[in-house]
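Quick notes on the structure that follows.
A note on names: the letters A, B, ... follow the listed sequences, proteins ahead of strands, and every chain is numbered from 1.
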Amino acid sequence: MTNSSKSKESEGSDAPSSNFIRHIVAEDLANDRHAGRVHTRFPPEPNGYLHIGHAKSICLNFGIAAENNGQCNLRFDDTNPEKESQEFVDAIKDNINWLGFNWSGDVRYSSSYFEQLYQFGVQLIEKGLAYVCDLSADEAREFRGTLTDAGRNSPYRERSIAENLNLFARMREGEFADGACSLRAKIDMASPNINMRDPVLYRIRHIRHHQTGDAWCIYPTYDYTHCISDAIEGITHSLCTLEFEDHRPLYDWILNSLDLNSIKQASDLAESDLPYVLPKQTEFAKLKINYTVVGKRKLKQLVDEGLVQGWDDPRMPTLAGMRRRGYTAASLRNFCESVGVARSESQVDISMLEHALREDLDSNAPRAMCVLRPLKATLTNLPGPIELSLQNHPKKEEMGHRTVPLTSEIVIDRDDFREESEPGFKRLVNGGEVRLRGAYVIRCDEVERDAQGEIAHLKCSVDLATLGKNPEGRKVKGVIHWVSATQGVPASVRLYDRLFTVENPESKEVVDFRTLLNPDSLTVLEGCLVEPAAASPSSALSFQFEREGYFTRDTLDSTDDKLVFNQTIGLRASH
RNA sequence: UGGGGUGUCGCCAAGUGGUAAGGCACAAGGUUUUGAUCCUUGCAUGCGUUGGUUCGAAUCCAGCCACCCCAGCCA
């Protein structure tokens with residue numbers, strides 16, 4: 001067999017996986033199509049918060065640039081002031097930095113190209129490729145035809161260039177009311193691609209813009225703005241999602257209709273000797289994950305109707321929410337890489353996200369102990385309080401040690417105790433032994449109940465010969481976590497479960513996705529006890545509470561006298 | 001009845017004519033003072049389907065089927 005030698009060399013384990021966009025970029029580089037440049041951009045509209053789906057696009061765009069010594073711009077595609085705001089601009093910038101990416105140069109805004117866009121509009125009119133149309137939106141819809149029937153030409157389609165120029169200028173001057181007319185590209189009302197049936201380039205909106213104020217009352221549409229903005233910024237690879245595939249002919253039509261040299265002169269490459277090449281749009285499938293929703297409208301609805309506690313509610317798939325939940329930026333980046341980039345629409349299983357999270361947290365989160373449902377236990381023969389020095393990470397000596405106080409009064413988790421031994425139960429039972437994590441083996445000698453008959457207190461004896469070593473002559477298989485009842489710090493802990501009860505809450509069959517919300521997505525536990533080291537204001541924020549899972553301090557809700565932890569994700573449970 | 005796409009293991013996803021990578025999930029073992037981690041092993045005679053071309057097809061050709069997107073002066 002000769003194939004073994006061949007397959008070995010390609011097994012560079014950390015090499016990024018192959019995907020069709022990496023192929024395209026590599027091929028363009030090989031053919032010197034952009035003079036060696038790779039320049040991408042992430043172009044969010046500031047009309048909502050970024051979510052996990054955006055993370056894929058961010059990682060793709062910034063990643064492709066970084067891999068090829070290229071640049072990636074952050075550009076706010078802010079052509080519809082009606083829905084946009086500065087609040088979203090700020091949140092988006094913050095999220096991108098948190099994810100670990102830095103955009104090239106200053107933040108860009110499509111709105112900062114409005115004057116240039118207007119001039120290009122004039123150019124299209126002069127070339128006889130655009131006209132001012134007085135059809136109302138409703139009329140325009142009728143003229144557009146249907147998916148199967150061709151549209152009809154607008155009665156205003158043959159206005160003279162001079163008249164169009166005059167009208168376009170007056171649109172800008174504010175002479176007309178909203179919707180009175182629009183600038184349209186003159187393409188083909190019979191095109192089977194509806195986007196080519198004389199699409200609107202400019203509409204009239206007497207409304208203040210979050211970046212340009214009252215400077216404009218006409219605003220360019222996405223199709224007109226996006227391609228030109230890409231061209232101005234010298235973007236080489238314009239990556240977007242599949243639903244824009246039908247817009248690509250228009251993207252190309254607009255750029256090819258403009259004088260190439262005038263585009264270059266308006267671009268960041270105006271002074272460059274490099275040959276100017278128009279950007280190319282490439283589409284990929286957006287990220288969908290089961291048991292959650294990423295539709296902007298749905299997320300907004302959850303917030304507005306108080307179904308969650310805000311855009312940064314830890315149950316939300318927004319970057320702000322996930323960050324607050326304790327997701328690490330690295331885990332999100334790794335997840336996006338593992339999901340890949342392709343053109344087939346897919347819905348990724350949330351277990352992949354959870355895997356990336358646990359993988360990162362397992363290797364980086366310090367360990368600590370926290371008892372969620374305390375049950376008091378007295379260690380009857382412990383000579384006195386002692387301080388144990390426990391390793392912060394079982395495999396990483398370099399993460400250091402912390403001191404953990406052991407006192408005669410401790411708490412253990414109610415779930416870790418049963419009166420009767422049961423098959424398969426490896427924790428503490430009456431009369432049985434168990435290891436206190438990092439400390440001694442104890443035996444439960446007595447169970448005390450309260451007036452209601454509930455188990456209230458255990459009396460246990462310690463085998464003083466078992467610190468750091470196994471007892472002789474017998475095997476103690478169970479290990480449970482614990483916290484000193486007197487030194488432990490009270491905390492409130494929030495446990496999370498998936499937000500929706502069904503795999504695909506966004507499916508078309510769903511009438512009202514709100515009825516599919518999981519009523520148990522949030523459980524608040526009060527009176528939990530956490531070891532002092534994890535409660536210190538100067539400690540890390542994220543921990544693995546041993547045998548429970550990963551938790552992070554909620555810095556928004558924690559106060560000096562009330563500590564709050566959010567469960568990031570539980571440990572994998574294999575029993 | 002128009003146009004544009006996509007179909008490879010339960011979920012993602014490599015593969016570009018030479019005999020189906022990898023990850024997640026799952027299952028079975030081993031190690032373990034976390035029922036975690038880690039390690040080992042297993043997991044598509046098969047690439048939507050039917051034909052065709054070829055010595056050879058997931059890869060090329062033709063037909064069919066399923067699903068997704070498009071009729072905002074949203075992006």
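Along RNA chain B, the nucleotide nearest to N19(A) and the one nearest to F244(A) differ in position, and the one closer to the 5' end is contacted by N19(A). Mapping N195(A) and D77(A) onto RNA chain B via the closest heavy atom, the residue that lands nearer the 5' end is N195(A).
At the phosphate of A75(B), OP1 or OP2 sits under 4.0 Å from a side-chain N or O atom of R203(A). An OP1 or OP2 oxygen of G23(B) is reached within less than 4.0 angstrom by no side-chain nitrogen or oxygen of S17(A). At A13(B), none of the side-chain N or O atoms of S18(A) fall inside 4.0 Å of OP1 or OP2 (strictly under the cut-off). OP1 or OP2 of A71(B) has not a single side-chain nitrogen or oxygen of R197(A) nearer than 4.0 Å. For R248(A), no side-chain nitrogen or oxygen approaches OP1 or OP2 of G4(B) to under 4.0 Å. A sub-4.0 Å separation between OP1 or OP2 of C70(B) and a side-chain N or O of R144(A) is absent. Between R343(A) and U6(B), a side-chain N or O to OP1/OP2 separation shorter than 4.0 Å is present.
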(Q) Between D230(A) and R75(A), does the salt bridge (Lys or Arg N to Asp or Glu O under 4.0 Å) criterion hold? Intermediate values first, please. (A) CA-CA 9 Å; D230(A) 281 344; R75(A) 178 172 76 235; 2.7 Å; yes
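Each of H401(A), K395(A), H393(A) was scored for a side chain to side chain donor-acceptor pair (under 3.5 Å) with E397(A), with one residue passing: H401(A).
In this entry C60(B) has G52(B) as its Watson-Crick or G-U wobble partner, both defining distances falling under 3.5 Å. The base-pairing partner of C47(B), taking Watson-Crick or G-U wobble contacts with both distances under 3.5 Å, does not exist among the strands shown. When both distances must be under 3.5 Å, the Watson-Crick or G-U wobble mate of A27(B) is U41(B). Base pairing of A75(B) is not made with any nucleotide, judged by Watson-Crick or G-U wobble geometry with both donor-acceptor distances under 3.5 Å. Figure legend. G2(B) is base-paired to C70(B); pairs are counted as Watson-Crick or G-U wobble with both atom distances under 3.5 Å.
Among the protein residues, R437(A) comes within range of the nucleic acid bases, having at least one heavy atom under 4.0 Å from a base atom. Contacts of D246(A) with the nucleic acid, taken as non-hydrogen atoms under 4.0 Å apart, include base atoms. Residue contacts for S344(A): at a heavy-atom cut-off of 4.0 Å it reaches the sugar-phosphate backbone alone, with no base atom in range. Counting non-hydrogen atoms under 4.0 angstrom, V441(A) reaches nothing in the nucleic acid. Using a 4.0 Å heavy-atom cutoff across all strands shown, R435(A) reaches at least one base atom of the nucleic acid. Here Y219(A) lies out of heavy-atom contact (under 4.0 Å) with every strand. Counting any heavy atom pair closer than 4.0 Å across all strands shown, G478(A) reaches no nucleic acid atom. Contacts of G549(A) with the nucleic acid, taken as non-hydrogen atoms under 4.0 Å apart, are absent. Using a 4.0 Å heavy-atom cutoff across all strands shown, A285(A) reaches no nucleic acid atom at all.
Of the residues in residues 179-193 of chain A, those placing a heavy atom less than 4.0 Å from an atom of RNA chain B are G179(A), P192(A), in numerical order. Of the residues in residues 130-140 of chain A, those with a non-hydrogen atom less than 4.0 angstrom from any atom of RNA chain B are L135(A), S136(A), A137(A).
Counting to the nearest Å, the C1' atom of G35(B) and the CG atom of D413(A) are 14 Å from each other. N334(A) has its CG atom 15 Å from the P atom of G23(B), to the nearest Å. When the C1' atom of A71(B) is taken as reference, atom NE2 of H247(A) falls 11 Å away, rounded to whole Å. For L361(A) and U34(B), the CG to P distance is 19 Å, given to the nearest whole Å.
When the C1' atom is used for both C55(B) and U49(B), the distance is 26 Å, rounded to whole Å. Taking the P atoms as reference points, A20(B) lies 30 Å from C38(B), given to the whole Å. Rounded to the nearest Å, the gap between the P atom of G7(B) and that of C61(B) is 15 Å. Rounded to whole Å, the separation between the P atoms of A75(B) and A71(B) comes to 13 Å. Taking the P atom of each, U45(B) and C11(B) are spaced 16 Å apart, rounded to whole Å. On the C1' atoms, C47(B) is 14 Å away from A21(B), given to the nearest whole Å. Nucleotides C60(B) and U54(B) have their C1' atoms positioned 9 Å apart, rounded to a whole Å. Between the P atoms of U59(B) and G23(B), the separation comes to 26 Å (whole Å).
For D413(A) and R427(A), the salt-bridge test fails: no basic side-chain N is under 4.0 Å from an acidic carboxylate O. Ion pairing of R22(A) with E67(A) is present here, as a side-chain N (NZ or NE/NH1/NH2) and a carboxylate O approach within less than 4.0 Å.
The six-membered or imidazole ring of F168(A) lies near that of Y202(A), with a centre-to-centre distance under 6.0 Å. Side-chain rings of Y291(A) and F500(A) stay apart, their centers remaining 6.0 Å or farther from each other.
Of the candidate nucleotides U16(B), C12(B), G5(B), C12(B) has the atom lying nearest to any side-chain atom of V339(A). In the set A13(B), U33(B), C11(B), the nucleotide with an atom closest to the side chain of V479(A) is U33(B).
The local environment of CD in E472(A) is sparse, with at most 12 non-hydrogen atoms from other residues, nucleotides or ligands closer than 6.0 Å.
Figure legend: cation-pi geometry between R152(A) and F143(A), with NZ or CZ positioned under 6.0 Å from the six-membered ring centre and within 45° of its axis.
Its glycosidic angle being within 90° of 0, G72(B) falls on the syn side.
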Protein-nucleotides 65-68 of chain B N/O pairs under 3.5 Å:
{"from": "C68(B)", "atom 1": "O2'", "to": "E345(A)", "atom 2": "OE1", "distance (Å)": "2.8"}
{"from": "C68(B)", "atom 1": "O2'", "to": "E345(A)", "atom 2": "OE2", "distance (Å)": "2.6"}

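Remark: Y222(A) pairs with H226(A), F244(A) by the ring pair (Phe, Tyr, Trp, His ring centres under 6.0 Å) rule, at least two apart or across chains. Residues satisfying the side-chain contact (heavy atoms from CB on, under 4.5 Å) criterion with R572(A), sequence neighbours excluded, are R358(A).
A side-chain donor-acceptor contact under 3.5 Å links K56(A) to the backbone of A285(A).
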Q: Encode nucleotides 36-42 of chain B as B, S and - characters from 5' to 3', where the letter depends on protein heavy atoms closer than 4.0 Å: B to the base, S only to sugar-phosphate, - to neither.
A: SBS----
